[in-house]
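All chains are named by letter (A, B, ...) in the order of the sequence lines, taking the proteins before the strands, and each is independently numbered beginning at 1.
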Amino acid sequence: MSDAPRWRVVGRGPSGGVVVVDLAADGSEVSRTAADDAGLTELARTASASLRWVWNDTRRWYRMLLGGGVRLMRAHDLRLCHAILRTSAWVDAPALGAARGWDAAAPEVEPGPQALFDLETLAPTLPDGIDEVLAEFARHRAAVDASSHAARLTLLLAAESAGALLAEELHAAGLPWSREVHTRILEDTLGTRPLAGGVPSRIADAGARVRAALGDERASLDSQPKLLRALHRAGVPATSTNRWELAEYDHPVIAPLLEYKKLTRLASANGWAWLEEWAGDGRFRPVYVPGGVVTGRWASSGGGALQLPRQLRPAVRADPGWTLVVADVAQLEPRVLAAMAGDLALADAARGTDLYAGMVGGGVVATRPEAKVAMLGAMYGATTGDSGRLVPALRRAYPRAMALVDEAAAVGEDGGVVTTWLGRSSPPPGSWWTSVQQEASGADASAAEETRARRSARDRGRFTRNFVVQGSAAEWALAWLAELRTRLAALPTAAVPAVASGAVFAERAHLAFFLHDEIIVHTPVALADAVADAVREAATAATTLLFGTFPLDFPLDLRIREDAAKD
DNA sequence: CGCCGCCGCGCG
DNA sequence: AAAGCGCGCGGCGGCG
């Protein structure tokens, strides 16, 4: 059926009701239907999985559909795709020039209470009128079609939008979390839970030992300036209180102070209050923010989802009858760099499962830890220290890979824009950066102005150097997620006890967590092996999708177990 | 009292 | 054991 609808565009009519417009592959309108929210949910429930849903903001629409028990496979998120297309160096900027209002930040699903009283300060809202939505979608298609990199951009927009669907599903499903295990970790580490306003026993104990070593019974340990002064009085000439510097001093206060800092960090970031607020019902439901980082990585909002300490991983526990498939990619970024640069020598080092061991085996550096810091230094732009010292060896061994990141840095220092493998471009320099460079280029520029300009140029060079690698790695990860999501949806159901993940995921394997290069799938035990296969197949498919036949794979560290601890 | 910048530290 | 990218968050303290 060549005239079957390919896109389903969702917006609002003049009266505020939902309007659904189906478009054929050539963009012509096939049908136009008025609906309400319930009607939209029913339309979605019976829609073909091949239909791509187009709307202004996935969170706005998909949260409702998921709540109604509907899962969709494909989308085109106009806000996220606009952000990519508007800045991509592969897109003719005027193509989106007619767009108005599509640069808005992600809107809140529920307006905050103050918004009701303070209308003037409301953030500009995203257009949702069906005609504006249709027009913006048409601009996107035209912009992609006119690009000389249409295939890659199409892939990027599809992956970004699949990520937006998944972000909502991850929120709806939640990460299965054991109150009991978390509480036990807290008690084992911090001691018994204090009464309201009190201090856990081991923190109190460590604090007492710190104060004794300082010879100051009243020393304030939680205020950085006060702690620094107390250290000076005790004869520790530290310039900061970060743990790397403190560890350099030989003084009896150091050991208990580092212990105190570690314990207070756990208590304040992920202690009993966090447990009650974020995971009290047995699910941790972070708000993921796809595209929330300039490089294309996801950010998160609330609960510190992307900073969960490894120490608490044992609290991630499958429901009864379920298990977890936990997988992460080994050395994702250097592998992506090797593939982008077409660097066969680096690809050769990556042949086994451990790229860093491969570097040692190739005689590039002497030890695995050296290989790791050297590679990180190459991608981050290290110039000094152990890492910077080793980078020249990499430049000799992997000239193509190093030329790619060195070129990205040179472009950035010069005020230019760099672009990822699939077409996400770095933001242009801001007005502050440009004026600093201009002031320093004048004949009457002071030495201080020149120094400032050089420093900010190098800072930007390190940013663009890393942007191409971090951003392209994020694209591989998105493709992996999108491929995996499709495969999981195709798996059968399995009879298992009901879970707290919502109707959409009852008896179904589903993604439960994503962290840059790592995923957790929550699955009925009977499906675990099939899920593991799907995770591996998805990685292979993502690699082929991005890099074709380039001889490099992305090996996974994959575990099937009831908790998400590393060992 | 709320807002904001700084510091420190968790994650990749 | 760092000095080199990207984040979010809690606590503090200065400010209005």
Side-chain angles (χ1 to χ4, degrees), chain A residues 114 121 220-229 238-249 257-258 260-271 273-274 277-278 286-313 328-334 336-337 367 369-370 372-391 405 408-409 412 418 420 424 426-427 455 458-474 476-477 513-519 564 566:
Chain A
Q114 97 203 24
T121 64
S220 172
L221 308 183
D222 301 320
S223 158
Q224 195 265 3
K226 289 177 183 170
L227 174 59
L228 198 57
R229 286 196 291 272
T239 61
S240 79
T241 62
N242 76 59
R243 88 177 119 96
W244 294 113
E245 183 178 350
L246 291 179
E248 291 171 4
Y249 297 99
L257 179 53
L258 295 180
Y260 177 87
K261 285 159 112 8
K262 193 162 188 63
L263 298 181
T264 52
R265 165 76 191 188
L266 176 63
S268 69
N270 297 101
W274 183 94
E277 182 176 359
W278 291 102
V287 174
Y288 291 94
V289 185
V293 180
V294 278
T295 58
R297 274 187 174 183
W298 289 13
S300 72
S301 160
L306 308 186
Q307 318 151 236
L308 279 179
R310 313 287 314 186
Q311 183 184 9
L312 285 182
R313 284 304 193 90
D328 61 73
V329 195
Q331 305 110 21
L332 174 59
E333 291 191 351
V336 165
L337 172 58
T367 66
E370 282 185 334
K372 185 172 180 175
V373 297
M375 188 53 77
L376 291 176
M379 295 187 299
Y380 292 168
T383 54
T384 61
D386 286 350
S387 182
R389 182 171 52 75
L390 293 163
V391 170
V405 288
V418 296
T420 60
R424 191 186 311 258
S426 64
R455 192 174 58 234
R458 284 204 206 91
D459 288 348
R460 187 158 192 280
R462 285 194 302 277
F463 166 65
T464 52
R465 170 189 293 271
N466 187 245
F467 182 97
V468 293
V469 180
Q470 186 183 117
S472 301
W476 186 94
F513 191 66
F514 169 54
L515 180 56
H516 306 318
D517 63 357
E518 172 179 5
I519 52 100
K566 188 90 179 177

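Of the candidate nucleotides C/dC7, C/dA3, B/dG12, C/dA3 has the atom nearest to the side chain of A/T384. With C/dG8, B/dG12, B/dG10 as the choices, the nucleotide that has an atom nearest any side-chain atom of A/A299 turns out to be C/dG8. The side chain of A/Y380 sits closest to B/dG12 out of B/dG12, C/dC7, B/dG8. Closest approach to the A/N242 side chain among B/dG8, C/dC5, C/dC7 is made by B/dG8 (side chain taken as heavy atoms from C-beta onward). Out of B/dG8, C/dG11, C/dC7, the shortest distance to the side chain of A/Q224 is found at B/dG8. With distances taken from any side-chain atom of A/P309 to the nucleotides B/dG10, C/dC7, C/dG11, the minimum falls on B/dG10. Distances were taken from every side-chain heavy atom of A/W244 (C-beta onward) to each of C/dA3, C/dG6, C/dG13; the shortest belongs to C/dA3. In this structure, of B/dG10, B/dC11, C/dC5, it is B/dG10 that holds the atom nearest to the side chain of A/K262.
Here A/V469 lies out of heavy-atom contact (under 4.0 Å) with every strand. Nucleic acid contact class of A/S268 (heavy atoms, under 4.0 Å, all strands): sugar-phosphate only. The residue A/G302 sits close only to the backbone: its heavy atoms come under 4.0 Å of sugar-phosphate atoms, none of a base. Residue A/R310 is classed as a sugar-phosphate contact, given heavy-atom separations below 4.0 Å to backbone atoms only. Nucleic acid contact for A/T264: none, since no nucleic acid atom lies under 4.0 Å from a heavy atom of the residue. Across all strands, A/E248 comes closer than 4.0 Å only to sugar-phosphate atoms, never to a base (heavy-atom distances). Here A/L308 lies in heavy-atom contact (under 4.0 Å) with sugar-phosphate atoms only. The residue A/G292 sits apart from the nucleic acid: no heavy atom pair falls under 4.0 Å.
Separating the CG atom of A/L263 from the C1' atom of B/dC9 is a distance of 14 Å, rounded to the nearest angstrom. Atom CG in A/L258 sits roughly 13 Å away from atom P in B/dG8 (whole-Å rounding). Rounded to whole Å, the distance from CZ on A/R243 to C1' on C/dA3 is 14 Å. Atom C1' of nucleotide C/dG8 and atom CD of A/E277 are separated by 14 Å, given to the nearest angstrom. For the pair A/K261 NZ and C/dC12 P, the interatomic distance rounds to 12 Å; values are reported in whole Å. For A/L390 and C/dA3, the CG to P distance is 12 Å, given to the nearest whole Å. In this entry the distance linking CZ of A/R458 with C1' of C/dC5 reads 17 Å, nearest Å. The separation between A/D222 atom CG and C/dG13 atom P is 9 Å, rounded to whole Å.
Comparing A/A247 and A/F463, the nucleotide of DNA chain C nearest to each residue sits closer to the 5' end for A/A247. Summary of the strand contacts: A/G388 and A/S220 both lie near DNA chain C, and taking for each the nucleotide with the nearest heavy atom, the more 5' one is attributed to A/G388.
Remark: A/K226 is not in phosphate contact with C/dC12, judged by side-chain N or O atoms under 4.0 Å from OP1 or OP2. Between B/dC11 and A/R313, no contact under 4.0 Å exists linking OP1 or OP2 to a side-chain N or O. Close to C/dG8, at under 4.0 Å from its OP1 or OP2, lies no side-chain N or O of A/Q307. For the pair A/S223 and C/dG13, the criterion of a side-chain N or O lying under 4.0 Å from OP1 or OP2 is met. Within the 4.0 Å cut-off from OP1 or OP2 of C/dC5, at least one side-chain nitrogen or oxygen of A/R462 is found. Note on A/T241: a side-chain N or O is less than 4.0 Å away from OP1 or OP2 of B/dG8.
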Quiz item: What's the verdict on side-chain contact (heavy atoms from CB on, under 4.5 Å) for A/Q311 and A/N270, showing C-alpha distance, side-chain angles and the deciding distance?
Solution: CA-CA 10 Å; A/Q311 183 184 9; A/N270 297 101; over 6 Å; no

Practice problem: Would you please test A/D222 and A/Y260 for side-chain contact (heavy atoms from CB on, under 4.5 Å) and show each step? | Solution: CA-CA 10 Å; A/D222 301 320; A/Y260 177 87; 2.8 Å; yes

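Contact of A/R265 with C/dG10 (side chain to base): no donor-acceptor pair of N or O atoms is detected under 3.5 Å.
You'll find the side chain of A/P290 stays beyond 4.5 Å of the side chain of A/F514, heavy atoms only. Taking 4.5 Å as the limit, some side-chain heavy atom of A/D328 sits within range of a side-chain heavy atom of A/K566.
Under the 4.0 Å criterion applied to side-chain N and carboxylate O atoms, A/E333 and A/R297 are assigned as salt-bridge partners.
Between A/A378 and A/R465, the shortest heavy-atom distance links the atoms O-NH1, 3.1 Å.
In this structure a side-chain-to-backbone donor-acceptor pair under 3.5 Å is missing from A/Q470 to A/T295.
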